[in-house]
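Below: the structure, in structure tokens.
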Amino acid sequence: MKRTFAGVLAAALILTTAACSGDDSPQEDPDEKVALTYWSWAPNMDKVVEGWNASHPNIQVTVNKQDGGDPAVAKLLTAIKAGSGAPDVMQAEYQKIPTLVAADAVADIAKEAGDLKSKFPESAWNAVTLGGEALYGVPQDSGPMMFFYRSDVFDKAGVQAPKTWDEYAEAARKIHKANPKQYLGTFSSNDPGWFAGLSQQAGASWWGVQGESWTVAVNDANTKKVADYWGGLVQEGVIDNKPMYTPEWNAALNDGTQVGWLGAVWGPGVLEGNAASTKGKWKTALLPNWDAAAPANGNWGGSATSVTSQSKHKAQATEFVKWLNTDPAAIKALAGTANVYPAANDATSIALTAPPAFFSNQTDFYAIAAEAGKITKPFTYGPNVNVAYSAYNDAFGKAAEAKQAAGFGAALDTIQQATVGDLKNAGFSVAG
């Protein structure tokens with residue numbers, strides 16, 4: 001059995017024959033003593049892995065701590081190109097999986113893993129299967145988006161937690177009118193993952209597959225609706241236009257001038273780190289929706305555990321990544337020791353039985369997060385996410401500074417052109 005591979009969705013496209021796998025691979029001895037290496041940036045992952053090593057004397061895993069995100073991907077791709085030096089197992093952000101698939105850096109473990117689909121939300125499963133039958137990793141953590149708000153400010157202004165984006169806009173107006181120094185949120189031109197999540201909620205999927213070609217739809221109607229909405233609020237002046245994760249934004253969370261945040265399930269750590277004095281004043285809710293009768297959600301962040309194409313122990317590595325992300329003891333350790341939000345559907349009942357310390361007054365925090373995960377829509381990434389995200393920073397940086405709604409839609413066209421142009425220059429077929 002050959003694996004067809006041309007840097008696109010391997011399960012959906014049949015282009016050129018590449019590396020051998022599956023039935024052509026040497027048979028592995030299940031009793032062989034093997035040593036696996038695991039690249040991860042999650043904190044205390046070595047402590048989590050101790051549980052595996054204690055119960056699997058024949059398959060010992062060593063964790064090598066890495067820098068997260070792009071540096072880890074660049075290091076892996078260098079090893080793949082060199083033909084050696086890659087780990088057996090790699091923590092991979094969902095948006096980077098198509099890039100790793102395109103480089104033949106991660107293995108299809110569908111045969112070895114068996115049926116795991118029912119154990120994870122549809123959006124997370126789509127991220128590791130790329131919408132096909134292949135499996136390029138097991139979901140580890142996810143980042144369903146959530147709305148955090150200062151309940152004391154809402155009560156004073158007589159505002160309820162918004163269930164729709166129209167209600168969010170009205171709440172933003174009332175709060176800013178009552179105190180011109182206060183904003184319900186900000187449009188962040190340096191967080192493309194945040195905007196991608198909001199677009200995902202609206203029904204967008206920026207990349208896709210049509211026949212043997214990629215499709216790119218950064219400027220589709222769903223995303224344009226999101227851009228126009230935020231452009232209108234910025235032009236109106238009721239939402240701030242400053243980026244998140246700056247010293248100014250951090251301070252604004254603490255001093256009460258930023259009284260809401262469209263964040264993700266990992267947000268309590270950010271709030272606790274930047275606004276410790278406001279503990280007890282925040283509440284969380286589902287994101288406002290475009291249609292309250294058909295609630296949906298987006299994702300911001302998350303990663304999988306993938307077996308690399310250089311691993312000589314594919315079956316054992318797959319056994320480990322299955323344990324890491326589905327075993328109850330491992331899920332507890334991921335949540336409690338590694339401080340991640342496990343992607344597994346049963347994580348709430350197994351490990352997340354108490355709210356984060358910063359939201360100790362909201363006992364249903366993880367129930368809300370679980371609901372957010374269930375209604376998160378699928379979203380397909382492409383092999384040049386870095387190009388699209390860089391173009392986002394540039395184009396929306398200018399639009400946010402200009403504070404003109406028309407510039408937000410124009411920014412999408414700029415990103416679309418940059419993304420399509422880069423795919424074509426890299427030799428990919430692009431439909432349309």
Side-chain angles (χ1 to χ4, degrees), residues 143-188 191 194 197-198 201 229-230 233 236-240 242 244-246 248-290 292 295-298 300-301 341 348 352-376:
M145 295 189 73
M146 303 172 74
F147 175 49
F148 306 112
Y149 64 99
R150 283 280 298 270
S151 58
D152 58 331
V153 175
F154 270 53
D155 291 344
K156 184 177 180 180
V159 176
Q160 300 292 319
K163 297 185 182 301
T164 67
W165 288 113
D166 284 343
E167 291 178 2
Y168 178 92
E170 281 304 308
R173 293 182 183 108
K174 288 182 180 179
I175 288 171
H176 188 62
K177 183 177 181 180
N179 184 345
K181 292 183 178 181
Q182 289 184 327
Y183 294 96
L184 183 53
T186 188
F187 181 86
S188 186
D191 286 287
W194 171 80
L198 295 177
Q201 183 205 32
Y229 174 85
W230 288 100
L233 292 180
E236 189 178 343
V238 296
I239 287 292
D240 201 5
K242 303 296 190 301
M244 295 185 287
Y245 294 105
T246 63
E248 293 78 13
W249 182 77
N250 294 340
L253 292 174
N254 196 51
D255 66 21
T257 52
Q258 280 285 332
V259 299
W261 179 33
L262 300 165
V265 67
W266 39 261
V270 175
L271 293 172
E272 186 171 26
N274 295 307
S277 65
T278 65
K279 180 180 178 181
K281 298 180 179 179
W282 293 81
K283 286 189 177 180
T284 189
L286 293 172
L287 283 189
N289 265 267
W290 295 103
N297 201 53
W300 185 11
Y341 179 71
T348 302
L352 305 171
T353 55
F358 192 79
F359 282 90
S360 58
N361 60 327
Q362 189 158 2
T363 57
D364 62 347
F365 180 93
Y366 283 120
I368 296 171
E371 178 63 21
K374 289 177 183 177
I375 61 175
T376 295

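Atom set for the values below is all heavy atoms of this structure, side chains included, hydrogens, waters and symmetry mates excluded. FYI, the numbering just counts along the sequence from 1.
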Looking only at heavy atoms, which two atoms of [X] and [Y] are closest? And how far apart?
X	Y	answer
Thr348	Ala370	OG1-CB, 3.6 Å
Val265	Ala369	CG2-CB, 3.7 Å
Tyr245	Val270	OH-CG2, 3.9 Å
Gln362	Lys283	OE1-CA, 3.4 Å
Leu287	Met145	CD1-CB, 3.7 Å
Thr376	Pro144	OG1-CB, 4.3 Å

Notebook entry, point to check: Any idea how Phe147 and Tyr168 line up, ring-wise: parallel (<30°), tilted (30 to 60°), or perpendicular (>60°)?
Noted result: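 Because their plane-to-plane angle is over 60°, the rings of Phe147 and Tyr168 count as perpendicular.
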
Please examine the side chains of [Y] and [X], heavy atoms only from C-beta on, and report whether any two atoms are closer than 4.5 Å.
X	Y	value
Leu271	Phe359	yes
Pro268	Phe365	yes
Glu167	Gln160	no
His176	Leu184	no
Phe358	Thr284	no
Lys174	Lys177	no
Ile175	Val153	yes
Gln201	Trp165	yes

Euclidean distance, [Y] [atom2] relative to [X] [atom1], rounded to 0.5 Å:
X	Y	atom1	atom2	answer
Asp240	Glu248	CG	CD	10.5 Å
Asn274	Asp255	CG	CG	11.5 Å
Gln258	Ile239	CD	CD1	7.5 Å
Met146	Leu286	CE	CG	7.0 Å
Phe187	Met244	CZ	CE	9.0 Å
Glu371	Asp364	CD	CG	11.5 Å

Note to self: Just to verify, what does Ser151 make a side-chain hydrogen bond (donor to acceptor under 3.5 Å, both in side chains) with, not counting sequence neighbours?
What the structure shows: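 Ser151: no side-chain hydrogen bond (donor to acceptor under 3.5 Å, both in side chains) contacts found.
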
Check whether the ring centres of [X] and [Y] lie less than 6.0 Å apart, and answer yes or no.
X	Y	answer
Trp261	Trp194	no
Phe148	Trp266	no
Tyr229	Trp290	yes

Next item on the list: Could you check Trp230 against Leu198 for side-chain contact (heavy atoms from CB on, under 4.5 Å), going step by step and ending with a plain yes or no?
Entry: CA-CA 11 Å; Trp230 288 100; Leu198 295 177; 3.8 Å; yes

Margin query: Go through it in stages, so that I can follow the logic: the residues are Trp249 and Lys242, the test is side-chain contact (heavy atoms from CB on, under 4.5 Å), and I'd like the CA-CA distance, side-chain angles, deciding distance and then a yes or no.
Written below: CA-CA 8 Å; Trp249 182 77; Lys242 303 296 190 301; over 6 Å; no

Check: Looking only at side chains, do Asp166 and Thr164 share a donor and an acceptor under 3.5 Å apart?
Finding: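 No donor-acceptor contact under 3.5 Å links the two side chains.
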
Notebook entry, point to check: Ignoring hydrogens and geometry, is there a side-chain-to-backbone donor-acceptor pair from Asn297 to Pro295 under 3.5 Å?
Noted result: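 No, Asn297 side chain to Pro295 backbone: no donor-acceptor pair under 3.5 Å.
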
Next item on the list: In sequence, state the C-alpha distance, the side-chain angles, and the governing distance for Tyr341 and Leu352, and then conclude on side-chain contact (heavy atoms from CB on, under 4.5 Å).
Entry: CA-CA 9 Å; Tyr341 179 71; Leu352 305 171; 3.3 Å; yes

Checklist line | Check against side-chain contact (heavy atoms from CB on, under 4.5 Å), Tyr183 and Leu233 | finding: CA-CA 11 Å; Tyr183 294 96; Leu233 292 180; over 6 Å; no

